[in-house]
Every structure is written in structure tokens, then in C-alpha cells.
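First up is the structure itself, then whatever we jot down about it.
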Amino acid sequence: MKYIYYIYQLFIALPLGLIATLITAIVTAVGCSIGKGHFWGYYPGHLWGRVILWLLLLPVKVEGRNQIEKKQSYVFVANHQGAFDIFLIYGYLGRNFKWMMKQSLRKLPFVGWACAKSKQIFVDKSGASRIKKTYEDARRTLQGGTSVTVFPEGARTFTGEMGPFKKGAFALADELQLPVVPITINGSFHVMPRTRDGHFVHWHRLRLTIHQPIYPVGQGPENIQATMAQAYQSVASSLDAE
């Protein structure tokens, strides 16, 4: 069955996935250029995430979506198991948001163009002024009523185990007094770990667990550390052992 799945990927899922990605990028970029960026900056990507996972026959289970309110802005923080985290969150979180993503992704053909047009937040660590601009962009997004999604580990895991969180997203939530929503991703590491980028996909179930929002109980370094620790514990509580 494994080799039949590989053949299916090569001749059916990969070509259709590339076409879906190209169409999504063009529709997003053109739609955002015309207007209504709040709609075009999210819904084509939302559908794209679902289509990619559907094409690869990967089953998805979502838990805890009732934890989040429709009109509330959040800082979503998730563990980063692999490349398929993007499709899982985009397709199944069920909430309009902007990504905080690596600056290098801007260079991806078509996808980087669409991300720039839809005002995703590129994290540029090349200098103090660039880092400041990154957080100014995130601040404007959150103050405008939109949520953001961050991988606070900063990079995908090599082992499947969760790494320590960086405090940037939590400092942003503290400054704006916004709730942080921890998200646990399971299965993505088995589908395509970081060490197998560009290889065939392995079939595995995916699970997205949305935890209770963590509301600020103060403001300043103590609140940042407490929120970060609580978010880490929440994510870890639903993480399958690797």
C-alpha cells in the first residue's frame, strides 16, 4: 500500500496540489489588490489548506474549537512539528488570522507574493529596526481586530519533541492585553519531518487541539512569563509521546 500511495502522490496529488497552490496564490494576491483584504487574505488559504490535506488523504480531527469566540482577537501559539502544520491550521482552525512567518518565505514563487499582498507578518531578524517593524506590523494587525498565529519555538522540531518557547508572541499579547490560545498539533511530524523535506508524504492521522484561552492577569514581565509557562504546559498536555 505504501508504494501505491507514493505513486498516487507523484501522478495525482502533486500535480493537483501545485495547481491548487498556484490558483490560491493568484486569487489571494489579485483579490487583496482589488479590495476586501480581510476576506481574500484568509479564505482562499483556508480552502487551500483543506484541499491539500484532502488530496493526500490525510484524516483530520479537531478538538476544542468551541473554546474561541468569534469577535475576539487572539494570539494563537502552536507547536511546530513539520511543514503540514501550515495546512492543518489554515484549513481547520476556523478563524480568520494572519501568520507571523519567516522572512525567507517571501522569496517562494507565487506564495511569497500572495503572502505579501495579504499582509502576512514577515519576521525579519536582520537588525533591531527590522525586528521593531515586525512587531509594529503585528500590533497593527491585532489592534485592527484580526488574530495572529505564531510558532513560538521559532522553527520546526528535528525530533518530534517540543522545544522551548520564545517570548516575542507573549510580550505582544501582554502589551495589547489580549488572550493567548495554545494549540497542540499531533501527527504532522510523522507526515513529513523536517529531515525529509521534499520527500514522499507518509500517511498519518492529524489532530488539532485548541485549548482554553489564557487571559492576562496583569501586565509586564511576570505576566509574560506566567502566560508563556501556562501556554507551554497546555500544548504539552495534549502532545503525543514521540
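For the numbers below, each heavy atom of this structure counts, side chains included, while hydrogens, waters and symmetry mates do not.
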With distance as the sole test, does Arg194 use its side chain to make a donor-acceptor pair with the main-chain N or O of Gly82 at under 3.5 Å? no
If two hydrophobic side chains count as joined below 4.5 Å and joins carry through other members, does Phe97 share a cluster with Phe84? yes
Under a single-linkage definition using a 4.5 Å side-chain heavy-atom cutoff for Ile, Leu, Val, Met, Phe, Trp and Tyr, are Met192 and Leu239 assigned to the same hydrophobic cluster? no
Which pairs with one or both residues in residues 195-206 pass salt bridge (charged side-chain N to carboxylate O under 4.0 Å, His left out), sequence neighbours excluded? Arg156-Asp197
Can you see which heavy atom on Lys70 is nearest to which on Arg95, and at what distance? O-NH2, 2.9 Å
hydrophobic_cluster_shared for Val191 and Phe158, side chain cutoff 4.5 Å: no
Are any of the side-chain heavy atoms of Tyr92 and Leu53 separated by less than 4.5 Å? yes
When you measure from the side chain of Lys166 to the backbone of Glu153, do you find a donor-acceptor pair of N or O atoms at a distance under 3.5 Å? yes
Common cluster, Leu178/Ile224, ILVMFWY with side-chain heavy-atom separation under 4.5 Å: yes
For Ala231 and Phe170, which heavy atoms make the closest approach, and how far apart are they? CB-CE2, 3.7 Å
Met101 vs Phe122 side-chain heavy atoms within contact, under 4.5 Å: yes
According to the ring-ring contact (aromatic ring centres under 6.0 Å, His included) rule, which pairs have a member within residues 48-73, sequence neighbours left out? Trp48-Phe87
Using the test side chain to side chain contact (heavy atoms under 4.5 Å, CB included), find all partners of Pro15 that sit at least two apart in sequence or belong to another chain. none
Pairwise side-chain contact, Tyr232 with Met162, heavy-atom cut-off 4.5 Å (strictly under): yes
If hydrophobic residues (ILVMFWY) are linked whenever their side-chain heavy atoms come closer than 4.5 Å, directly or via other members, who joins Ile4 in its cluster? Met1
Is a side-chain N or O of Gln81 found less than 3.5 angstrom from the main chain of Thr157, in a donor-acceptor match? no
Listed partners of Gln233 passing side-chain hydrogen bond (donor to acceptor under 3.5 Å, both in side chains), at least two apart: none
Of all heavy-atom pairs linking Ile89 and Ala78, the shortest is CD1-CB, 4.0 Å
Per the ring-ring contact (aromatic ring centres under 6.0 Å, His included) rule, what does the pair list look like for residues 63-83, sequence neighbours excluded? Tyr74-Phe76, His80-Phe151
Please report the interatomic distance CG(Asn223) to CD(Gln230), rounded to the nearest 0.5 Å. 10.0 Å
Separation of Ile185 CD1 from Asp85 CG (nearest 0.5 Å): 3.5 Å
To the nearest 0.5 Å, tell me how far Ile52 CD1 sits from Leu88 CG. 13.5 Å
Can you tell me how far the CG atom of Leu176 sits from the CG atom of Leu142, to the nearest 0.5 Å? 5.5 Å
side-chain contact (heavy atoms from CB on, under 4.5 Å) assessment of Trp203 paired with Leu56: CA-CA 8 Å; Trp203 188 92; Leu56 289 166; over 6 Å; no
NE2/His38: more than 12 non-hydrogen atoms of other groups inside 6.0 Å: no
Using 0.5 Å steps for rounding, measure from the CZ atom of Phe39 to the NE2 atom of His46. 10.0 Å
Look up atom NZ in Lys133 and atom CZ in Arg139, then write down how far apart they are to the nearest 0.5 Å. 12.0 Å
Who clusters with Trp113? Use side-chain heavy atoms, under 4.5 angstrom, across I, L, V, M, F, W and Y, and order the result by chain and number. Leu22, Ile26, Val30, Ile34, Phe110
Hey, what's the ring geometry for Trp99 with Tyr90, parallel, tilted or perpendicular (30° and 60° as the breaks)? perpendicular
Tell me whether Val77 is reachable from Ile68 by hopping between hydrophobic residues (I, L, V, M, F, W, Y) whose side-chain heavy atoms are closer than 4.5 Å. no
Using every non-hydrogen atom in the two residues, find where Ala29 and Ala114 come nearest and quote the distance to one decimal. CB-CA, 4.2 Å
Would you indicate whether the side-chain heavy atoms of Ser33 and Lys117 approach each other to under 4.5 Å? yes
With sequence neighbours left out, what residues match Arg140 under salt bridge (Lys or Arg N to Asp or Glu O under 4.0 Å)? Asp137
Compare all side-chain heavy atoms of Ile183 with those of Leu208 and state whether any distance is below 4.5 angstrom. yes
Quick one: side chain to side chain contact (heavy atoms under 4.5 Å, CB included) partners of Leu47, sequence neighbours excluded? Val51
Residue pair Asp240 / Arg207, side-chain heavy-atom distance below 4.5 Å: yes
Does the Ser118 side chain pair with the main chain of Cys115, one donor and one acceptor, at a distance under 3.5 Å? yes
What do the steps show when you test Thr149 against Leu93 for side-chain contact (heavy atoms from CB on, under 4.5 Å), and what is the final call? CA-CA 10 Å; Thr149 298; Leu93 179 58; 4.3 Å; yes
List for me each residue that meets side chain to side chain contact (heavy atoms under 4.5 Å, CB included) alongside Ala138, sequence neighbours excluded, and say none if there are none. Met100, Ile121, Leu172
Donor-acceptor contact below 3.5 Å, side chain Arg50 vs main chain Gly91: yes
If you take all heavy atoms of Gly218 and Asp174, which pair is closest and at what distance? O-OD1, 3.9 Å
Hey, what's the ring geometry for Tyr3 with Tyr6, parallel, tilted or perpendicular (30° and 60° as the breaks)? perpendicular
Contact between Gln67 and Val181 at the side-chain level, heavy atoms closer than 4.5 Å - yes or no? no
List in chain and number order the residues that pass side-chain hydrogen bond (donor to acceptor under 3.5 Å, both in side chains) with Ser147, two or more places apart in sequence or in another chain; answer none if no residue qualifies. none
Should the heavy atoms of other residues, nucleotides or ligands under 6.0 Å from CD of Gln72 be counted, would the total exceed 12? yes
Less than 4.5 Å apart, side chain to side chain, heavy atoms only: is that true for Gln9 and Leu14? no
Under 3.5 Å, sequence neighbours excluded: what are the donor-acceptor pairs made by side chains of residues 209-217?
| residue | atom | partner | partner atom | Å |
| --- | --- | --- | --- | --- |
| Thr209 | OG1 | Glu63 | OE1 | 2.9 |
| His211 | NE2 | Thr184 | OG1 | 2.7 |
| His211 | NE2 | Ser234 | O | 3.1 |

Ala173 and Val180: which non-hydrogen atoms are nearest, and at how many Å? CB-CG2, 3.6 Å
